[in-house]
Amino acid sequence: YWDTDEVEFIERMAVEYKKFWNDERKAKARKLNLTQTEVTTLASIVEKETLIPEEKPRVAGLYLNRLRRGIKLQADPTVVYAVGDFEINRVLKEHLKVDSPFNTYKYEGLPPAPICIPEISSIDAVLNAESHSYIFMCAKADFSGYHAFATNLREHNRNARAYQKALNKRKIFR
């Protein structure tokens with residue numbers, strides 16, 4: 001409520017946190033070999049990566065595949081966060097050079113903390129990630145908000161070229 005003081009707010013948040021992280025969710029996190037904080041961090045990336053709710057478990061599965069294989073996440077939303085310019089519509093090579101532990105193009109594994117407060121649906125997407133062999137994705141060139149997923153670099157590069165061409169056609173250079 002508007003008149004809740006700081007102590008009451010923190011106590012309430014602690015109660016809600018414990019309620020949210022029930023035995024079932026904790027077990028799913030353990031099965032993924034992730035802590036609750038790591039699940040939340042990955043969920044924050046999923047949250048910023050797609051606006052399409054049904055795509056979240058697929059995106060989560062892709063990032064889990066990359067983590068398991070020791071492949072850098074290379075998640076554009078982490079670069080945007082590292083740069084601190086939330087108006088970026090196109091991540092450029094210059095952005096990938098920023099030296100920040102949040103830059104998952106530069107550093108392997110998860111960033112040190114979440115890049116946003118993820119929705120419950122994003123956390124649950126990580127805990128219930130799709131099982132598949134995708135390791136690459138790129139926004140679809142039709143600007144539908146969906147992604148084109150790929151299992152190999154050749155397929156991914158084809159998807160990326162189509163998207164870059166679409167960005168150029170719309171004169172989106174930044």
Side-chain angles (χ1 to χ4, degrees), residues 24-83 86 88-93 95-98 100-167 172:
E24 181 184 356
R25 283 192 173 108
K26 287 180 189 176
K28 287 179 179 184
R30 278 192 301 276
K31 188 174 180 186
L32 294 172
N33 202 27
L34 297 174
T35 66
Q36 294 165 30
T37 300
E38 289 169 332
V39 168
T40 303
T41 299
L42 183 53
S44 74
I45 297 169
V46 170
E47 176 83 19
K48 290 297 186 179
E49 193 68 66
T50 185
L51 299 172
I52 311 294
E54 64 267 19
E55 207 178 54
K56 288 180 179 185
R58 184 168 302 138
V59 171
L62 181 146
Y63 285 130
L64 288 168
N65 288 344
R66 293 181 78 93
L67 285 170
R68 287 183 195 117
R69 295 181 190 189
I71 302 170
K72 290 177 185 164
L73 295 182
Q74 297 183 329
D76 288 1
T78 66
V79 174
V80 170
Y81 183 86
V83 171
F86 301 99
I88 293 173
N89 292 307
R90 186 174 189 167
V91 174
L92 304 171
K93 288 182 182 176
H95 299 130
L96 304 182
K97 295 176 185 172
V98 71
S100 166
F102 287 91
N103 183 348
T104 58
Y105 278 82
K106 198 169 185 84
Y107 295 99
E108 193 174 307
L110 290 167
I115 60 171
C116 71
I117 298 172
E119 295 176 2
I120 291 171
S121 64
S122 297
I123 296 170
D124 284 339
V126 171
L127 296 174
N128 301 290
E130 266 187 30
S131 179
H132 53 63
S133 55
Y134 296 130
I135 54 172
F136 297 102
M137 71 179 167
C138 179
K140 285 194 171 186
D142 63 3
F143 294 95
S144 62
Y146 286 88
H147 289 81
F149 293 86
T151 58
N152 61 67
L153 186 58
R154 185 175 0 158
E155 189 180 352
H156 171 66
N157 285 339
R158 184 174 49 240
N159 295 335
R161 280 191 301 275
Y163 183 61
Q164 290 162 358
K165 186 177 175 182
L167 287 171
I172 300 172

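Residue numbers start at 1 and run along the sequence shown. Computed from a predicted structure; not experimentally measured.
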How close do Gly61 and Ala129 get, heavy atom to heavy atom, and via which atoms? N-CB, 3.7 Å
What I'd like to find out is whether the side chain of Ile45 reaches to under 4.5 Å of the side chain of Leu73, using heavy atoms alone. yes
Could you give the side-chain donor-acceptor pairs of residues 119-128 under 3.5 Å, partners two or more places apart or in another chain?
from, atom 1, to, atom 2, distance (Å)
Glu119, OE1, Lys56, NZ, 3.4
Glu119, OE1, Ser121, OG, 3.2
Ser121, OG, Lys56, NZ, 2.8
Ser122, OG, Glu47, OE1, 2.5
Ser122, OG, Lys56, NZ, 3.0
Asp124, OD1, Arg25, NE, 2.9
Asp124, OD1, Arg25, NH2, 3.4
Asp124, OD2, Arg25, NH2, 3.1
Asn128, OD1, Lys28, NZ, 2.6
Asn128, ND2, Asp124, O, 2.8

Show me the pairs that pass salt bridge (Lys or Arg N to Asp or Glu O under 4.0 Å) and involve residues 150-165, at least two apart or across chains. none
For residues Cys138 and Ala160, report the shortest heavy-atom separation together with the two atoms involved. SG-CA, 3.6 Å
Nearest-0.5 Å distance, CG of residue Leu167 to CZ of residue Arg90: 4.5 Å
About how many Å separate CD1 of Ile115 and CZ of Phe86, when rounded to the nearest 0.5 Å? 8.5 Å
Residues forming a side-chain hydrogen bond (donor to acceptor under 3.5 Å, both in side chains) with Tyr63, sequence neighbours excluded: Glu49
Identify which one of Leu32, Asn33, Thr37 satisfies the side chain to side chain contact (heavy atoms under 4.5 Å, CB included) criterion when paired with Thr35. Thr37
Cation-pi check, Arg66 to Tyr134: give yes when NZ or CZ is under 6.0 Å from the six-membered ring centre and within 45° of the ring axis, no otherwise. no
Test side-chain hydrogen bond (donor to acceptor under 3.5 Å, both in side chains) applied to Asp142 - qualifying residues, sequence neighbours left out: Ser144
What are the two closest heavy atoms between Ile88 and Val83, and how far apart are they? CD1-CG1, 4.0 Å
Of all residues at least two apart in sequence or in a different chain, which pass the side-chain hydrogen bond (donor to acceptor under 3.5 Å, both in side chains) check with Glu55? Thr50, His147
Separation between NZ of Lys106 and CD of Gln74, rounded to the nearest 0.5 Å: 12.5 Å
Nearest heavy-atom contact between Tyr146 and Ile52 is CE2-CG2, 3.4 Å
Please answer whether the main-chain N or O of Phe102 pairs with a side-chain N or O of Thr78 as donor and acceptor at a distance below 3.5 Å. yes
Evaluate Leu42 against Leu64 for side chain to side chain contact (heavy atoms under 4.5 Å, CB included), listing each step before the verdict. CA-CA 9 Å; Leu42 183 53; Leu64 288 168; 3.7 Å; yes
Is there a donor-acceptor pair under 3.5 Å between the side chain of Asn65 and the backbone N or O of Ile135? no
Rounded to the nearest 0.5 Å, what's the gap from CD on Gln164 to CG on Asn159? Could you check? 11.0 Å
For the student: nearest non-hydrogen atoms of Ser133 and Arg69, plus distance: O-NH2, 4.2 Å
Search all heavy atoms of Val80 against all heavy atoms of Val91 and return the closest pair with its distance. CG2-CG2, 4.0 Å
Output all residues satisfying side-chain hydrogen bond (donor to acceptor under 3.5 Å, both in side chains) with Tyr107, sequence neighbours left out; order by chain, then residue number. Asp99
Considering the options His156, His132, Met137, which one meets the side chain to side chain contact (heavy atoms under 4.5 Å, CB included) requirement together with Phe149? Met137
Measure the acute angle between the ring planes of Tyr163 and Phe143, then classify it against the limits of 30° and 60° as parallel, tilted or perpendicular. tilted
Would you say Asn103's side chain and Ala82's backbone share a donor-acceptor pair under 3.5 angstrom? no
